[in-house]
Amino acid sequence: EAKDKSEKVVIFRQLEIKNLTDYPKLVEEMESFLDDLSNEDFLDIASKFELKNQKERLLDIVINDKEGRSIQMAATSFIKFYGMTEVRKLCRSNDLTSAKKSTERFGAVDSKEMTNLLIELFQDKKLDLELRKEAMIAMNGWESESKLWELIKANKVPEDVMDIARNHMMNTWHQDIRAMASDYFGKDEASNIDAKKLLALNGDVAAGAETFQTLCSSCHMVNGKGVD
């Protein structure tokens, strides 16, 4: 019998069982060590066996974890298990701080459903502008940027979040969109930036590191952290 937690994780990862609830003893064994797992191991197991009774821990990882990959995995599983209705409630919370954090973290999932929710948020002028800006900031995924470009061309992006949308388009990985956006917004966009003033500003290293882990580390690597 494998008693070491790491060995148990390996065993459960290799199990080819569609419905774990058909095996009560295996469920009992898994629950005996699940709380002690690292977030990474927990997410692998939760995703593999669709552990829908782990809502609280999944949400805690989404909101509080520092690793971009873990945040995305937890958010993806949360959406899959509990649906967009639950996510919409979180992103539209009356607590602005909570709503912004939920929007930022779930916004890391670049899916059609999440993109539609972000659009719903930034287009709703009844919502706090800070929340709407947070939704627009999250529109920086491969799929969401394509949708955003279509909205810009259709004149469906509110002016008070257009600066953020413009920045996405001028820096997108979609070369075709970037070229069209350069013509649309003007090729001299960058010339309006005062580089000397930017260099004179004081940065926030901790905040920058957190932003990198949340939004960038799933595709980029800096100082050995992230995915290249």
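These numbers were taken from a predicted model, which means no experiment stands behind them.
Put simply, the residue from Thr103, Asp160, Asp124 that forms a side chain to side chain donor-acceptor pair (under 3.5 Å) with Arg132 is Asp160.
The side-chain heavy atoms of Phe122 and Leu127, taken from C-beta on, include no pair separated by under 4.5 Å. The shortest side-chain heavy-atom distance between Leu58 and Phe42 falls under the 4.5 Å cut-off. At a threshold of 4.5 Å between non-hydrogen side-chain atoms, the residues Leu151 and Gln123 count as touching. Counting heavy atoms from C-beta on, the side chains of Glu159 and Met162 come closer than 4.5 Å. You'll find the side chain of Leu34 reaches within 4.5 Å of the side chain of Gln54, heavy atoms only. Between Glu67 and Gln72 the shortest side-chain heavy-atom distance does not fall below 4.5 Å. Counting heavy atoms from C-beta on, the side chains of His174 and Trp142 come closer than 4.5 Å. Between Glu143 and Lys112 the shortest side-chain heavy-atom distance does not fall below 4.5 Å.
With hydrogens and angles disregarded, no donor-acceptor distance shorter than 3.5 Å links the side chain of Tyr184 to the backbone of Ala179. Without hydrogens or angle criteria, Ser47 side chain to Asp44 main chain gives no donor-acceptor distance under 3.5 Å. No donor-acceptor pair closer than 3.5 Å links the side chain of Ser98 to the backbone N or O of Asp95. Not one N or O on the side chain of Arg178 forms a donor-acceptor pair closer than 3.5 Å with the backbone of Met170. Asn167 contributes no side-chain N or O that, together with a main-chain N or O of Asp163, makes up a donor-acceptor pair within less than 3.5 Å.
Electrostatic pairing of Lys55 and Glu86 counts as a salt bridge here, judged by a charged N lying under 4.0 Å from a carboxylate O. A salt bridge links Glu104 with Lys101: the distance from a Lys NZ or Arg NE/NH1/NH2 to an Asp or Glu carboxylate oxygen falls below 4.0 Å. Salt-bridge check for Lys25 with Glu28: failed, with every basic side-chain N at 4.0 Å or more from each acidic carboxylate O.
Open room surrounds NZ on Lys156; 12 or fewer heavy atoms of other groups in view lie less than 6.0 Å from it.
When every heavy atom of Ser70 is checked against every heavy atom of Ile61, the shortest pair comes out as O-CG2, 3.8 Å. Here the shortest heavy-atom pairing between Leu117 and Cys91 reads CD2-SG, 4.2 Å. Arg105 and Val62 make their closest contact through NH1-O, 2.9 Å (heavy atoms, listed as atom of the first residue, atom of the second, distance). Closest non-hydrogen pair, Phe12 versus Lys48, comes out as O-CE, 3.2 Å. The heavy-atom pair separating Tyr82 from Leu51 by the smallest distance is OH-O, 4.1 Å.
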### Query
Given Lys100 and Asp128, is the side chain to side chain contact (heavy atoms under 4.5 Å, CB included) satisfied, shown in steps?
CA-CA 10 Å; Lys100 287 174 61 180; Asp128 189 284; over 6 Å; no
### Query
Checking side chain to side chain contact (heavy atoms under 4.5 Å, CB included) for the pair Leu37/Leu43: CA distance, chi angles, key distance, verdict?
CA-CA 9 Å; Leu37 294 181; Leu43 288 170; over 6 Å; no
### Task
Check step by step if salt bridge (Lys or Arg N to Asp or Glu O under 4.0 Å) holds for Lys147 and Glu150.
CA-CA 5 Å; Lys147 182 63 177 180; Glu150 295 301 318; over 6 Å; no
### Message
I'd like to know whether Arg166 forms a side chain to side chain contact (heavy atoms under 4.5 Å, CB included) with Ile152, so could you lay out the CA-CA distance, the side-chain angles of the two residues, the decisive distance to 0.1 Å, and finally the verdict.
### Response
CA-CA 9 Å; Arg166 182 189 297 114; Ile152 290 173; over 6 Å; no
### Task
Apply the test side chain to side chain contact (heavy atoms under 4.5 Å, CB included) to residues Glu113 and Ile79: give CA-CA distance (whole Å), side-chain angles for both, the deciding distance (0.1 Å), then the verdict.
CA-CA 9 Å; Glu113 294 79 11; Ile79 292 171; 5.6 Å; no
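Interatomic distance, Asn39 CG to Ile71 CD1, rounded to the nearest 0.5 Å: 10.0 Å. Taking CE from Met30 and CG from Leu15, the interatomic distance works out to 10.0 Å, rounded to the nearest 0.5 Å. Atom CD1 of Ile45 and atom CD of Glu40 lie 11.5 Å apart (nearest 0.5 Å). Rounding to the nearest 0.5 angstrom, the gap separating the CG atom in Asp60 from the CZ atom in Phe78 is 11.5 Å. Remark: His168 NE2 to Trp173 CH2 distance equals 15.0 Å, nearest 0.5 Å. From Ser144, atom OG reaches atom CE of Met114 across 10.0 Å, with rounding to the nearest 0.5 Å.
Side-chain contact, Glu145 with Thr172: a donor N or O sits under 3.5 Å from an acceptor N or O.
Taking Tyr23 as the reference, nothing meets the ring-ring contact (aromatic ring centres under 6.0 Å, His included) condition, with sequence neighbours excluded.
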